[in-house]
Colleague: 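Handing you a structure now.
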Amino acid sequence: MKTRKKLTRPSSQVTARPLVTTSPAGTPNPLEKQEPGCPPLGLESLRISDNQLEASSSQSFGLGPHRGRLNIQSGLEDGDLYDGAWCAEEQDTEPWFQVDAGHPTRFSGIVTQGRNSVWRYDWVTSYKVQFSNDSRSWWRSRNHSSGMDAVFPANSDPETPVLNLLPEPQVARFIRLLPQTWLQGGASCLRAEILACPVSDPNDLFPKAFALASSDPLDFQHHNYKAMRKLMKQVHEQCPNITRIYSIGKSHQGLKLYVMEMSDQPGEHELGEPEVRYVAGMHGNEALGRELLLLLMQFLCREFLRGDPRVTRLLTEMRIHLLPSMNPDGYETAYRRGSELVGWAEGRWNHQGIDLNHNFADLNTPLWEAEDDGLVPHTVPNHHLPLPTYYTLPNATVAPETRAVIEWMKRIPFVLSANLHGGELVVSYPFDMTRTPWAARELTPTPDDAVFRWLSTVYAGTNRAMQDTGRRPCHNQDFSLHGNVINGADWHTVPGSMNDFSYLHTNCFEVTVELSCDKFPHENELPQEWENNKDALLTYLEQVRMGIAGLVLDKDTELGIADAVIAVDGINHDVTTAWGGDYWRLLTPGDYMVTASADGYHTVTRSCRVTFEEGPVPCNFLLTKTPKQRLRELLAAGAKVPPDLRRRLERLRGQKD
């Protein structure tokens, strides 16, 4: 048998979209025609199941053909069940990797990567391609000019995706990749995606291909910055009475961070009405969240006009803020590369190279140090922790996108939020940072662990993909074993996360939703992704009704008291009232003793029962000014002190003496 030649590391970089094939003799042959690209068959998105992938051999189960999926990520340990590619045995001199499309398909191209590994370098540098309708009789892809087998240049590093379009698309059921050469000293390892278009089957000889569709007439495509602005404007023009577009700031390159506000009274905070938000695109290459929010604003507008009662109630009982692109600079980088060629990390960071999800102030450390010293909550508050001094300095490494979001959080009394990411199928909740310094992972719950677990379970439990019991894990952890939810720090520690900052600096409870195995799904997969997430997006917003809500008022004037503290016995985390005296406190069902306090007022404690009925449960407070506060206000106004107040003050002074 012919032994495959192993190559040294190529001296030149293989382009991401090579325009030549290579003959067996090594002669470059210009492609005469580049056919329009077909969408991905679905190796990365898991539409292709494990049993549709085969190989000539495998070094181990963790390096089996089911691991040969584009962008699949390995675990930290090589040799486990979750390695980062398909790798043939070293003694396999005729290796091949095979995909069964399940029905006749028009194959047009292949995208490949090397092995994802912390410890090894393995990638294929060239390969041939075969096709079959029965997996027994095969024909090869050939060059037009020479008639010889086409040899396709592959990878020159482990991670950069390399696209090869076939000289001529082929209709078949099976496709095989046959590695010809690979890195010297390495192994024949690859990850792949196949580009393929469906073909008609008039005789119904094969099972129907899975249809990616939605009944909602929405704009299912990827939107760059210009197209996103245009779409948001169209939604506003269609529903001007329930929408408002505003910007919270600019990216490092000057792109505006646009927000779509949706409410029956856009532009104003209505007393007693909670504020909720969705944030997407913190990592620019995780594009699905961006498109889901653009779809959500279209859907809410359309269904409100149609009189849908669920949507109407959402828009009349809360104010919804949708930020589809927190990192527009990173997204533009990823968008230019395209869904199959962007890889795992390109576009993740902002233009300064900052990971925005590690860029918020670390408020966990000062809180935990104060707790260890017994200073919380009497000396150091357990909520609304101030920004550290280092973080406010002009030369602090704080991205403009991060600063814009922090100021946004301060301006609006958000109650509930979700941060939409991609690359996994799981919902993670705070804390995201481990309490033990330098621990890579450690269960680190908040005092509101029951609420966060409920919120996470609500989204995971109504997400179609997460509830698919037949699906395989995305990468190297099976989150379905724990209901597709996890404490963020117990997954991997993230200092400076937006979730932790939101909880410790504001009243807002926020979780992270990892929406899909594929960070940047092809636009033909967007209808199905919308169906997977539509009900979850709506149901999660409805959870703002869970718990208690009410007003804290001055008993004499009946005016709202801003910044009053709402404390719940047994939960070491308080919230505060908004400027009108209204508050919302998310709680799971149960009986609670709740205390309202404010500077210059006597504290009031009352019991509040949260039931399983849809809430929130009203829990209002009337606070009476202390004599000292009343005296301060009278003296400030230049009025005389009433006799009863004077006598009361004299008694208090006598008690102190």
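Just the heavy atoms: all of them, side chains too, but no hydrogens, waters or symmetry mates, feed the values below. All values reported here derive from a predicted model rather than from experimental measurement.
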Colleague: Scan His283, Met326, Met498 and name whichever one has a side-chain contact (heavy atoms from CB on, under 4.5 Å) with Leu356.
Modeller: Met326
Colleague: Closest heavy-atom contact between Arg435 and Glu442?
Modeller: N-OE1, 3.2 Å
Colleague: Does the salt bridge (charged side-chain N to carboxylate O under 4.0 Å, His left out) test come out yes or no for Glu531 and Arg464, once each step is laid out?
Modeller: CA-CA 8 Å; Glu531 291 300 320; Arg464 288 188 182 182; 3.8 Å; yes
Colleague: Work out which heavy atom in Ile72 is nearest to a heavy atom in Ala85; give both atom names and the distance.
Modeller: CG2-N, 4.4 Å
Colleague: Identify the residue among Arg115, Arg67, Arg120 that makes a side-chain hydrogen bond (donor to acceptor under 3.5 Å, both in side chains) with Asp83.
Modeller: Arg115
Colleague: Between NE2 of His482 and OG1 of Thr457, what distance do you get to the nearest 0.5 Å?
Modeller: 12.5 Å
Colleague: Over 60° means perpendicular and under 30° means parallel, so tell me whether His573 and His383 are parallel, tilted or perpendicular.
Modeller: perpendicular
Colleague: Main chain of Gly267, side chain of Glu261: is a donor-acceptor contact present, judged purely on distance under 3.5 Å?
Modeller: yes
Colleague: With side chains defined as the heavy atoms from C-beta onward, is the minimum distance between Ile571 and Leu587 less than 4.5 Å?
Modeller: yes
Colleague: Please check if the side chain of Tyr331 supplies one atom and the backbone of His223 the other of a donor-acceptor pair under 3.5 Å.
Modeller: yes
Colleague: Between Gln253 and Tyr225, is the side-chain contact (heavy atoms from CB on, under 4.5 Å) condition met? List the steps.
Modeller: CA-CA 12 Å; Gln253 290 192 297; Tyr225 179 73; over 6 Å; no
Colleague: Walk me through it: do Asp582 and His269 pass the test side-chain hydrogen bond (donor to acceptor under 3.5 Å, both in side chains)?
Modeller: CA-CA 11 Å; Asp582 45 349; His269 172 72; 2.9 Å; yes
Colleague: Could you tell me whether Asp518 and Arg47 make a salt bridge, using a distance below 4.0 angstrom between a side-chain N and a carboxylate O?
Modeller: no
Colleague: Decide yes or no for Arg403 and Glu407: does some side-chain heavy atom of the first lie under 4.5 Å from some side-chain heavy atom of the second?
Modeller: no
Colleague: Is there a donor-acceptor contact under 3.5 Å from the side chain of His222 to the main chain of Pro521?
Modeller: yes
Colleague: Report yes if the side chains of Leu455 and Tyr429 come closer than 4.5 Å at any heavy-atom pair, otherwise no.
Modeller: no
Colleague: Please report the shortest heavy-atom distance between Gly42 and Glu193, naming the atom on each side.
Modeller: N-OE2, 3.1 Å
Colleague: Could you tell me whether Phe509 and Trp454 have their ring centroids closer than 6.0 angstrom?
Modeller: no
Colleague: Provide the closest heavy-atom pair for Arg348 versus Asn285 in the form atom of the first, atom of the second, distance.
Modeller: CA-OD1, 3.3 Å
Colleague: State whether a side-chain donor-acceptor pair under 3.5 Å links Thr462 with Asp535.
Modeller: no
Colleague: Between Asp448 and Leu586, is the side-chain contact (heavy atoms from CB on, under 4.5 Å) condition met? List the steps.
Modeller: CA-CA 9 Å; Asp448 284 288; Leu586 300 181; over 6 Å; no
Colleague: Return yes if a side-chain donor-acceptor contact under 3.5 Å exists between Tyr459 and Asn533, otherwise no.
Modeller: yes
Colleague: Check whether the side chains of Asp563 and Thr576 place a donor and an acceptor atom closer than 3.5 Å, and report yes or no.
Modeller: no
Colleague: For Met409 and Phe360, which heavy atoms make the closest approach, and how far apart are they?
Modeller: CE-CE2, 4.3 Å
Colleague: Are the side chain of Asn476 and the backbone N or O of Tyr82 linked by a donor-acceptor pair below 3.5 Å?
Modeller: no
Colleague: In Å and rounded to the nearest 0.5 Å, what is the CG to SG distance from Leu218 to Cys301?
Modeller: 10.5 Å
Colleague: Give a yes or no on whether the backbone of Pro473 and the side-chain of Asp478 come within a donor-acceptor separation of less than 3.5 Å.
Modeller: no
Colleague: Please check: side-chain N/O of Asn155 versus main-chain N/O of Thr112, any donor-acceptor pairing under 3.5 Å?
Modeller: yes
Colleague: Determine whether a donor-acceptor pair (N or O, by modelled atom type, separation under 3.5 Å) exists between the side chain of Thr243 and the backbone of Cys239.
Modeller: yes
Colleague: Under 3.5 Å, is there a donor-acceptor pair between the side chain of Thr493 and the main chain of Thr434?
Modeller: yes
Colleague: To the nearest 0.5 Å, what is the distance between CG on Leu425 and CD on Gln477?
Modeller: 13.0 Å
Colleague: In the structure I gave you, are the side-chain heavy atoms of His522 and Ser45 within less than 4.5 Å of one another anywhere?
Modeller: no
Colleague: So, the side chain of Asn484 versus the backbone of Met466: is there a donor-acceptor pair under 3.5 Å, distance only?
Modeller: yes
Colleague: To the closest 0.5 Å, what do you measure between CD (Glu514) and CD (Glu424)?
Modeller: 7.0 Å
Colleague: Can you check whether Lys410 reaches Thr506 side chain to side chain, under 4.5 Å on heavy atoms?
Modeller: no
Colleague: Taking everything shown except Arg229 itself, do over 12 heavy atoms lie less than 6.0 Å from its CZ?
Modeller: no
Colleague: Begin from the C-alpha positions of Arg441 and His492 and carry the test side-chain contact (heavy atoms from CB on, under 4.5 Å) through to its verdict.
Modeller: CA-CA 5 Å; Arg441 50 174 297 187; His492 56 267; 5.5 Å; no
Colleague: What residue among Tyr278, Phe414, Tyr258 forms ring pair (Phe, Tyr, Trp, His ring centres under 6.0 Å) with His321?
Modeller: Phe414
Colleague: Above 12 or not: heavy atoms from other molecules or residues under 6.0 Å from NZ of Lys230?
Modeller: no
Colleague: Checking His505 side chain against Leu385 main chain: does a donor-acceptor pair fall under 3.5 Å?
Modeller: yes
Colleague: In terms of side-chain geometry, is the basic nitrogen of Arg69 or Glu44 positioned less than 4.0 Å from the acidic oxygen of its partner?
Modeller: no
Colleague: Less than 4.5 Å apart, side chain to side chain, heavy atoms only: is that true for Asn357 and His421?
Modeller: yes
Colleague: Do Phe520 and Arg337 have side chains that approach each other closer than 4.5 Å (heavy atoms only, starting at C-beta)?
Modeller: no
Colleague: For the residue pair His252 and His351, does the interplanar ring angle fall in the parallel (under 30°), tilted (30 to 60°) or perpendicular (over 60°) class?
Modeller: parallel
Colleague: Which heavy atom of Gln113 sits nearest to which heavy atom of Pro158, and what is that distance?
Modeller: CB-O, 3.7 Å
Colleague: Indicate whether the side chain of Asn532 and that of Asn463 have a donor and an acceptor atom separated by less than 3.5 Å.
Modeller: no
Colleague: Which distance, rounded to the nearest 0.5 Å, do you find between the CG of Leu294 and the CG of Leu322?
Modeller: 9.0 Å
Colleague: Does Arg453, at its CZ atom, have more than 12 non-hydrogen atoms belonging to other residues, nucleotides or ligands within less than 6.0 Å?
Modeller: no
Colleague: With rounding to the nearest 0.5 angstrom, report the CG to CD1 distance, Asn359 to Ile354.
Modeller: 5.0 Å
Colleague: So do the side chains of Leu504 and Phe431 get within less than 4.5 Å of each other, counting heavy atoms only?
Modeller: yes
Colleague: Flag the pair Glu159 and Arg191 as a salt bridge only when some basic side-chain nitrogen lies within less than 4.0 angstrom of an acidic carboxylate oxygen.
Modeller: yes
Colleague: Using side-chain contact (heavy atoms from CB on, under 4.5 Å), reason through Phe452 and Val485 one step at a time and then give a plain yes or no.
Modeller: CA-CA 10 Å; Phe452 278 116; Val485 303; over 6 Å; no
